[in-house]
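All heavy atoms count here, side chains included; hydrogens, waters and symmetry mates do not. So that the names make sense, note that chain A is the first sequence line, chain B the second, and so on, each numbered from 1.
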There are 2 protein chains.
Amino acid sequence: MASERSRVTASDVAKLVGVHVSTVSRAMNPQTRGLVAGDVAQRVLAAAASLGYAPNSLAAGLRTRRSFTIGVVLPDITNPVFPPILRGIQEVLEAEGYVPIVADAGPEAGRPEAGRPEAGRRETVVERLIARQVDGLILATSLRHDPVLTLCRARQIPVVLVNRVTEDSGFSGVVSDDQRGMKLAVDHLAALGHRSIGHISGPLELSTGHGRLQGFRQAMAQQGLAVPADAVTTAAAYSRDAGREATNRLLTQAPGLTAIVAANDLLALGCYDALAAAGLDCPGDMSVVGHNDMPLVDMVDPPLTTVRIRHHEMGTEAARLLLRQIAGAAEGFDLVLRPDLIVRASTAPPR
Amino acid sequence: MASERSRVTASDVAKLVGVHVSTVSRAMNPQTRGLVAGDVAQRVLAAAASLGYAPNSLAAGLRTRRSFTIGVVLPDITNPVFPPILRGIQEVLEAEGYVPIVADAGPEAGRPEAGRPEAGRRETVVERLIARQVDGLILATSLRHDPVLTLCRARQIPVVLVNRVTEDSGFSGVVSDDQRGMKLAVDHLAALGHRSIGHISGPLELSTGHGRLQGFRQAMAQQGLAVPADAVTTAAAYSRDAGREATNRLLTQAPGLTAIVAANDLLALGCYDALAAAGLDCPGDMSVVGHNDMPLVDMVDPPLTTVRIRHHEMGTEAARLLLRQIAGAAEGFDLVLRPDLIVRASTAPPR
DNA sequence: CTGAAAGCGCTTACAG
DNA sequence: CTGAAAGCGCTTACAG
């Protein structure tokens with residue numbers, strides 16, 4: 001029963017050893033252990049072990065004004081992009097004695113405002129985390145222009161953005177080099193002989209949606225390839241459904257396309273759905289490139305050519321950046337990770 | 001900068017309104033608000049809002065001996081089975097004012113003891129969570145006989161198991177009905193005309209590995225079908241690689257099989273890999289059934305026939321069970337969720 | 001090297 | 001209905 005929980009405290013240990021609680025406190029903490037006589041420290045540690053004592057970190061946090069807790073806000077843990085990021089975050093936090101409190105801002109797809117859980121909800125989540133005294137925040141939910149961030153700034157809490165960043169300066173972030181990612185995709189398609197290449201962009205209020213679209217245009221320009229207005233369409237969300245719908249639009253408005261670069265893998269998979277429904281063969285009738293290289297896209301039919309993003313590293317670097325910021329180091333720069341192209345079977349020369 | 005964080009406390013609000021902190025405390029908490037005069041409560045709330053005050057939950061927790069924090073231990077957040085469970089947990093916790101602290105016990109595959117992160121690591125994780133004063137634990141990592149649970153019992157902390165359970169009694173758990181799941185799979189295959197059906201089991205120290213194997217044998221017996229010893233093999237872990245290796249063993253030791261029931265989808269996908277490498281067609285030469293219905297298995301080639309488990313519900317029910325236990329309700333029963341068979345294209349009549 | 005004291009920010013009997 | 005006091009379990013100047 002919860003009510004019966006035996007709580008052993010520092011004063012139990014102190015009593016057993018015959019010292020003052022403050023001595024117990026000093027002996028327990030490796031940082032201050034040196035202040036205590038060697039044999040006393042040994043006896044304290046032994047007594048603690050025998051009683052099963054561990055310092056109550058809530059109490060310690062109250063006193064030191066640190067919770068050793070980090071809030072991690074994700075748009076949707078169910079999206080395969082985020083677990084590896086979270087894993088990376090956890091690994092480095094754990095090594096430093098921190099723990100993540102994960103808050104899911106809610107499913108993205110199927111929402112009234114697909115692509116972005118409403119700002120109200122996202123603000124509430126951040127407020128709650130702050131009330132819980134998190135020492136910092138890692139946000140994977142930010143918009144290019146995001147009211148939630150002004151709240152964070154007002155609260156003066158250390159923040160690092162990951163995957164999606166903001167354009168409001170002053171926040172550090174870890175992202176993939178979308179410019180380069182799109183160049184890799186477009187160059188590959190161009191090398192295969194494609195000239196009419198379309199793009200399904202992600203929601204433009206997200207940095208990835210906007211940035212990849214820019215990257216696409218730039219890469220096409222470098223190849224001397226035109227991008228007529230109807231060769232680009234914006235998906236309502238980063239979801240398979242939205243990808244299918246976007247592809248249908250493209251099929252109607254730009255019938256001459258021989259290849260599509262999707263802003264992420266889910267969108268590319270929706271592309272597959274639409275192509276199949278239209279009786280078109282991939283890559284025979286249409287080449288498709290994704291972005292992310294999420295798990296299992298090597299097993300879909302056909303295996304997806306995609307831009308691999310280093311999600312795990314995004315997580316570790318974001319956590320490191322945050323920890324440094326908490327330690328008082330200067331903030332305000334972005335870390336840009338270099339993606340790779342993974343060529344599989346969804347791309348081929350145009351017929 | 002972290003050092004500059006402005007902390008507004010109850011006494012700031014009290015000063016502003018001209019009341020005592022205890023009145024602020026009562027007014028802030030909906031439970032005790034009734035004890036305060038209506039207009040005073042209003043003024044407190046207004047002042048709190050204007051100052052951006054939210055009670056410090058660390059301090060409150062210290063006083064009330066509750067952290068409103070739940071430890072969630074997963075074997076691997078990167079395994080697509082767990083995100084929906086976590087999401088379910090989060091949803092109900094959040095509604096009740098709790099927050100999950102997610103601890104990843106580490107990758108399963110590729111470990112010395114594949115399938116089970118070493119007990120030492122798992123114990124450390126639980127110890128840390130307890131030191132953080134979590135009010136309860138949800139474990140998705142338990143073994144059929146698990147030393148970590150004796151630790152939990154010693155600490156008298158509320159625990160609910162999810163997905164994987166233990167055979168040591170006294171712990172509540174939420175699981176899928178593996179008996180039924182396997183019967184669905186075997187009956188489907190038998191109806192297609194298969195008589196020689198093999199099984200790739202999960203690690204037998206996990207309840208899912210053991211339970212699905214039992215379910216397989218029982219369903220086969222009910223169909224009057226024999227299960228020769230070499231028609232069953234145990235995978236080293238729930239991973240695609242282990243599934244490939246297990247399939248290779250089966251292909252050698254039981255060449256007459258026309259169908260394989262895998263204990264989960266990852267294993268089934270490894271099965272695809274091995275079949276392809278051996279130049280065998282699925283479902284032409286070999287039908288394959290998975291278990292879980294994880295995301296994207298409808299898009300692999302061929303789309304996978306599998307047993308769908310209600311992961312999201314597993315999470316919500318586990319959280320509810322835990323909350324009830326924390327509230328002092330009796331514990332010690334399992335919740336068994338009913339799975340469904342999803343027939344896709346990896347199963348067909350034998351040639 | 002160690003003890004005594006104060007205080008982190010709350011909540012909750014206890015008076016009135 | 002409200003205030004004053006005590007105390008949750010730590011940590012850390014401050015003495016000695």
Whole-Å distance between [N] [atom2] and [X] [atom1]?
X        : N      : atom1 : atom2 : result
A:Arg33  : D:dT12 : CZ    : P     : 15 Å
B:Asp12  : C:dC8  : CG    : C1'   : 14 Å
A:Gln31  : D:dT12 : CD    : C1'   : 14 Å
A:Arg26  : C:dA5  : CZ    : C1'   : 12 Å
A:Arg132 : C:dC10 : CZ    : C1'   : 15 Å
B:Leu58  : D:dG9  : CG    : P     : 14 Å
B:Asn56  : C:dT11 : CG    : P     : 9 Å

### Query
From A:Ile101 CD1 over to A:Ile70 CD1, what is the distance, rounded to the nearest 0.5 angstrom?
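Answer rounded to 0.5 Å: 9.5 Å.
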
### Summary
Rounding to 0.5 Å, atoms CG (A:Leu143) and OG1 (A:Thr166) come to a distance of 7.5 Å

Side chain of [X] only, heavy atoms from C-beta on: which candidate in [options] is closest?
X       : options               : value
A:Thr64 : D:dT2, D:dT12, C:dT2  : D:dT12
B:His20 : D:dC10, D:dG3, C:dT2  : D:dG3
A:Ala59 : D:dC10, C:dC1, C:dT11 : D:dC10
A:Ala37 : C:dT2, C:dC10, D:dA4  : C:dT2
A:Thr9  : C:dC10, C:dA5, D:dG9  : D:dG9
A:Leu62 : C:dG9, C:dC10, D:dT2  : C:dG9

Using a cut-off of strictly less than 4.0 Å, decide whether [X] has a side-chain nitrogen or oxygen near OP1 or OP2 of [N].
X       : N      : answer
B:Arg63 : C:dC8  : no
B:Arg65 : D:dG9  : yes
B:Ser25 : C:dT11 : yes

### Message
If you assign each of B:Leu35 and A:Met28 to its closest nucleotide in DNA chain D, which residue comes earlier from the 5' end?
### Response
B:Leu35

### Message
Looking at B:Arg153 and B:Asp168, is any side-chain nitrogen of the basic one under 4.0 Å from a carboxylate oxygen of the acidic one?
### Response
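Answer for the salt bridge query: no.
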
### Message
According to side-chain contact (heavy atoms from CB on, under 4.5 Å), who are the partners of B:Leu337, at least two apart in sequence or on a separate chain?
### Response
B:Val174, B:Arg310, B:Glu313, B:Met314

### Query
In the structure shown, which nucleotide is the Watson-Crick or G-U wobble counterpart of C:dG16, with both distances under 3.5 Å?
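By the stated definition (distances under 3.5 Å), D:dC1 pairs with C:dG16.
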
### Task
Using a 4.0 Å heavy-atom cut-off across all strands, classify B:Ser22 as base, sugar-phosphate, or nothing.
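Base contact.
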
### Query
Can you tell which of B:Glu317, B:Arg87, B:Glu91 makes a side-chain hydrogen bond (donor to acceptor under 3.5 Å, both in side chains) with B:His312?
B:Glu91

